[in-house]
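Reviewing the structure listed below.
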Amino acid sequence: LFMEIADFDLAFADVKKELDRLVQEKKMTDAQAKNVNLSTVEKFFTGELYKRCQKAMSVLKEKKFMTKLSDMTLDKKIFGEYNEKDVIIQGIADLLIEEADGYVLVDYKTDNVKEASELIKRHSVQLMLYKSAFELVLDKPIKECFIYSFKLETAVRVNV
């Protein structure tokens, strides 16, 4: 919840102060705030993805989509018969960073994993779907996809 509603500039300056502000403004409860691992969140704001946010043309948080699977460009080996059906999918991107030559799609994960490869195995299909859906919705391509692992405290590039 913190990453959804936090003002990134304020969080970059002081995560604890931003967390306190969100509680004071009743955007988060005390119980929710206690579940935020400050040092883990601070790692995000000192990392490469946040540096890209600072330089971005725009930053979109919690961007929704809904589209037909048949309208998307998907690998037939992976999605097979679903490509021809009128299946509607919907989702929400945690973070889209707009750069001059396209968007960077970021999905936050809190999975309890030991290695980045586990995250890629678990979530690459989701990122394929999100990438394809947002390429229909947005005016630029999705040029890179990342999982930001709060457990590993790092961004994991996923080639989809």
Side-chain angles (χ1 to χ4, degrees), residues 1-67 72 89-160:
L1 177 63
F2 178 80
M3 296 299 286
E4 293 174 27
I5 62 175
D7 179 307
F8 275 13
D9 292 333
L10 295 177
F12 172 71
D14 188 330
V15 171
K16 174 75 170 103
K17 196 172 181 181
E18 174 60 356
L19 185 61
D20 291 343
R21 181 188 73 82
L22 293 171
V23 170
Q24 184 179 13
E25 293 181 5
K26 302 204 183 309
K27 294 180 180 175
M28 289 181 77
T29 65
D30 285 324
Q32 289 170 323
K34 284 179 184 156
N35 286 324
V36 175
N37 183 323
L38 294 174
S39 65
T40 298
V41 173
E42 286 168 351
K43 289 268 188 176
F44 173 84
F45 288 103
T46 59
E48 287 304 311
L49 285 178
Y50 185 67
K51 287 177 185 163
R52 291 176 83 170
C53 287
Q54 290 176 306
K55 297 175 189 170
M57 296 170 64
S58 68
V59 174
L60 305 172
K61 296 191 302 184
E62 297 300 303
K63 177 76 173 162
K64 296 177 183 179
F65 74 86
M66 183 186 306
T67 186
M72 297 165 55
I89 67 161
Q90 61 183 4
I92 302 172
D94 292 323
L95 181 64
L96 287 158
I97 304 166
E98 184 183 9
E99 297 177 338
D101 58 343
Y103 284 90
V104 176
L105 172 65
V106 181
D107 195 40
Y108 305 134
K109 296 295 181 195
T110 57
D111 301 37
N112 190 13
V113 295
K114 291 184 178 9
E115 295 182 13
S117 60
E118 291 178 67
L119 288 170
I120 293 169
K121 186 176 180 181
R122 288 182 190 178
H123 302 291
S124 61
V125 170
Q126 176 195 358
L127 285 175
M128 279 184 222
L129 289 168
Y130 278 38
K131 177 182 185 286
S132 184
F134 279 110
E135 286 182 334
L136 282 175
V137 173
L138 301 170
D139 58 346
K140 292 180 182 174
I142 302 296
K143 64 180 191 167
E144 290 178 283
C145 296
F146 289 90
I147 293 171
Y148 187 82
S149 170
F150 286 98
K151 174 70 176 172
L152 300 176
E153 298 182 340
T154 192
V156 178
R157 190 164 200 268
V158 182
N159 296 315
V160 292

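For reference, positions follow the sequence shown, starting with 1. Being a predicted model, the structure only gives us computed values, none of them experimental.
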For this session: For the pair Asp101 and Lys140, evaluate side-chain contact (heavy atoms from CB on, under 4.5 Å) and give the outcome as yes or no after the intermediate values.
Result: CA-CA 7 Å; Asp101 58 343; Lys140 292 180 182 174; over 6 Å; no
Problem set entry | Euclidean distance, Leu105 CG relative to Lys131 NZ, rounded to 0.5 Å | 9.5 Å
For this session: Check Ile120 against Arg157 and note the closest heavy-atom contact, atom names and distance.
Result: CD1-O, 4.0 Å
Problem set entry | CD-CD1 distance between Gln32 and Ile5, expressed to the nearest 0.5 angstrom | 7.5 Å
For this session: Measure across Ile97 and Ala56 and return the closest heavy-atom pair with its distance rounded to 0.1 Å.
Result: CG2-CB, 3.5 Å
Seminar exercise, completed: So the side-chain hydrogen bond (donor to acceptor under 3.5 Å, both in side chains) pairs with at least one residue in residues 5-14 (sequence neighbours excluded) are Asp9-Tyr50
Problem set entry | Qualifying residues under salt bridge (charged side-chain N to carboxylate O under 4.0 Å, His left out), relative to Glu18, sequence neighbours excluded | Arg21
Problem set entry | Audit row: Leu138, Leu96, side-chain contact (heavy atoms from CB on, under 4.5 Å) steps and yes/no | CA-CA 10 Å; Leu138 301 170; Leu96 287 158; 4.2 Å; yes
Problem set entry | Leu152: which of Thr40, Leu119, Asp111 passes side-chain contact (heavy atoms from CB on, under 4.5 Å) | Leu119
Problem set entry | Atom CD of Gln90: over 12 foreign heavy atoms under 6.0 Å | no
For this session: Inspect the surroundings of NZ in Lys143 and state if more than 12 heavy atoms from other residues, nucleotides or ligands are less than 6.0 Å away.
Result: yes
Exercise. Hey, is Lys34 close enough to Asp30 for a salt bridge, meaning N to O under 4.0 Å?
Worked result: no
For this session: Quick one: list whatever passes ring pair (Phe, Tyr, Trp, His ring centres under 6.0 Å) with Tyr148, sequence neighbours left out.
Result: Phe44, Phe150
Problem set entry | Separation between CD of Glu42 and CD of Glu153, rounded to the nearest 0.5 Å | 10.0 Å
For this session: Carefully, step by step, assess Val41 and Met3 under the rule side-chain contact (heavy atoms from CB on, under 4.5 Å).
Result: CA-CA 8 Å; Val41 173; Met3 296 299 286; 4.1 Å; yes
Exercise. Looking at residues at least two apart in the chain, or sitting in another chain, which of them share a ring pair (Phe, Tyr, Trp, His ring centres under 6.0 Å) with Phe65?
Worked result: Tyr130, Phe134
Exercise. At what distance, to the nearest 0.5 angstrom, does OG of Ser124 lie from CG of Asp107?
Worked result: 11.5 Å
For this session: Test the Lys63-Tyr103 pair against the cation-pi criterion, namely NZ or CZ under 6.0 angstrom from the six-membered ring centroid and within 45° of the ring axis.
Result: no
Seminar exercise, completed: In this structure, CG of Asp94 is separated from CD1 of Ile147 (nearest 0.5 Å) by 10.5 Å
For this session: Taking all heavy atoms of Thr46 and all of Lys43, pick out the closest pair and write down the distance.
Result: OG1-O, 3.1 Å
For this session: Go through the structure and list residues passing side chain to side chain donor-acceptor pair (under 3.5 Å) with Asp139, not counting sequence neighbours.
Result: none
For this session: For the pair Arg52 and Glu144, find out whether any cationic side-chain nitrogen is under 4.0 Å from an anionic carboxylate oxygen.
Result: yes
For this session: With rounding to the nearest 0.5 Å, note down the distance linking NZ in Lys151 to CD in Glu118.
Result: 11.0 Å
Problem set entry | Residue list, side-chain contact (heavy atoms from CB on, under 4.5 Å) with Leu136, at least two apart or on another chain | Thr67, Asp71, Met72
Exercise. Do you know which two heavy atoms are closest between Lys61 and Leu95, and how far apart they sit?
Worked result: CG-CD1, 4.0 Å
Problem set entry | Least distance between heavy atoms, Cys145 atom then Leu127 atom | CB-CD1, 4.4 Å
